[in-house]
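Presented below is the structure to which this report refers.
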Amino acid sequence: MQANKFFTSDPHLDHEKAIEFNSRPFKSVEEMQDHIIGQYNALPKGSILYILGDTLVRSNKEAAVALLNKFPKHLNYVFVIGNHDHPIRRYLEKYGRVVDLLQIRHKKRKIVLCHYPMHEWSSGQHGSILLHGHTHGRMQFPGITLDVGWDVHKRPISADEIISLTEDMTIYQPVHDRNNGKTYSELNQ
């Protein structure tokens, strides 16, 4: 049986200014932490939670470890490193797998995971999906890309939702321009 997969990005759990900068509905950083970690806690046991960068922003070692210790133990974590994660990378490694870029499959569909949006990615011309964060929903990119950031969806989203949300998106790959304008469904009819 395949584990449930969920995706999110840019929780910025220790970043009080994220509340103001991104119009988050919290009165304090503690309320934000409780809410977001509570969402993780509600995910099914044994699920994989892919966090595509910027888990924390400003924490020193003690604060980072204290916050990471609050993460539910019933999940498997994969941390895709973002621009704010480099100082805490070695702490993240104690809580889950840490990568810079990752390719996975869900229902035979290739999904590329990176903190940053890209114009080209593996098999993009064949309908693979690029999941990213970093932009907090402020930019839309052409092609089958999806910002999975907390500020976009307000929760982790499932792999099945990813497939559904990207179903009608059209391929756009500037270098590998094969299949541009077609959807993944059209390629597989």
Reported [atom1]-to-[atom2] distance for the pair [X] and [Y], which is rounded to 0.5 angstrom:
X	Y	atom1	atom2	answer
F7	I162	CZ	CD1	6.0 Å
S128	I171	OG	CD1	8.5 Å
I111	T166	CD1	OG1	7.5 Å
E93	I88	CD	CD1	10.5 Å
R138	D151	CZ	CG	7.0 Å
S9	I157	OG	CD1	10.5 Å

Using only atom types and a distance under 3.5 Å, with no angle test, would you say the side chain of [X] pairs donor to acceptor with the backbone of [Y]?
X	Y	result
H115	L52	yes
Q39	K154	yes
H126	R178	no
E120	V175	yes
E16	V29	no
N41	P72	no
N69	V65	yes

Would you say the side chain of [Y] lies within less than 4.5 Å of the side chain of [X], judging by non-hydrogen atoms?
X	Y	answer
F79	D85	no
I37	L67	yes
R109	N188	no

Apply side-chain contact (heavy atoms from CB on, under 4.5 Å) to T55 and Y77, showing your working. CA-CA 11 Å; T55 302; Y77 297 95; over 6 Å; no

Which is it for Y95 and F71 under the ring pair (Phe, Tyr, Trp, His ring centres under 6.0 Å) test, yes or no, and what are the steps along the way? CA-CA 9 Å; Y95 296 88; F71 276 39; 7.2 Å; no

Would you say [Y] ends up clustered with [X] if hydrophobic residues are merged whenever their side chains have heavy atoms under 4.5 Å apart, either directly or through other cluster members?
X	Y	result
Y116	V98	no
L92	L49	yes
F141	M118	no
V148	M169	yes
F6	L146	no

For I144 and Q173: C-alpha separation, side-chain torsions, deciding distance, then whether side-chain contact (heavy atoms from CB on, under 4.5 Å) applies. CA-CA 9 Å; I144 304 177; Q173 295 280 281; over 6 Å; no

So, do F21 and H136 have ring centers that fall under 6.0 Å from each other?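 Ring-ring flag for F21/H136: false, centres at least 6.0 Å apart.
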
Within the 6.0 Å centroid threshold, strictly below: W150 and F26: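 Between F26 and W150, which both carry aromatic rings, the centre distance is below 6.0 Å.
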
Return the minimal non-hydrogen interatomic distance between [X] and [Y], and the atom names on each side.
X	Y	result
K110	Q103	NZ-OE1, 3.1 Å
Q125	H176	CB-O, 3.4 Å
R24	M32	NH1-SD, 3.1 Å
V99	R97	CG1-NE, 3.7 Å
D147	G133	OD1-CA, 3.6 Å
A3	G46	CB-O, 3.6 Å

Distance-only polar pair, side chains of [X] and [Y], donor-acceptor under 3.5 Å:
X	Y	value
D54	H134	no
E161	S158	yes
E31	H35	no

Tell me, yes or no, whether the heavy-atom count around [X] atom [atom1], taken from other residues, nucleotides or ligands under 6.0 Å, exceeds 12.
X	atom1	value
K27	NZ	no
H119	NE2	no
K182	NZ	no

Lys/Arg N to Asp/Glu carboxylate O, D34 vs K70, below 4.0 Å: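 The answer is no: the pair does not qualify as a salt bridge.
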
Any chance you could lay out the side-chain contact (heavy atoms from CB on, under 4.5 Å) test for N180 and T170, step after step, and finish with the verdict? CA-CA 7 Å; N180 280 342; T170 56; over 6 Å; no

Can you tell me which residue among I129, T145, L131, L101 is in a side-chain contact (heavy atoms from CB on, under 4.5 Å) with V112?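 Testing each of I129, T145, L131, L101 against V112, the sole residue satisfying side-chain contact (heavy atoms from CB on, under 4.5 Å) is L101.
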
How far apart are the C-alpha atoms of N22 and D10, what are their side-chain angles, what is the distance that settles it, and do they pass the side-chain contact (heavy atoms from CB on, under 4.5 Å) test? CA-CA 11 Å; N22 301 306; D10 300 279; over 6 Å; no

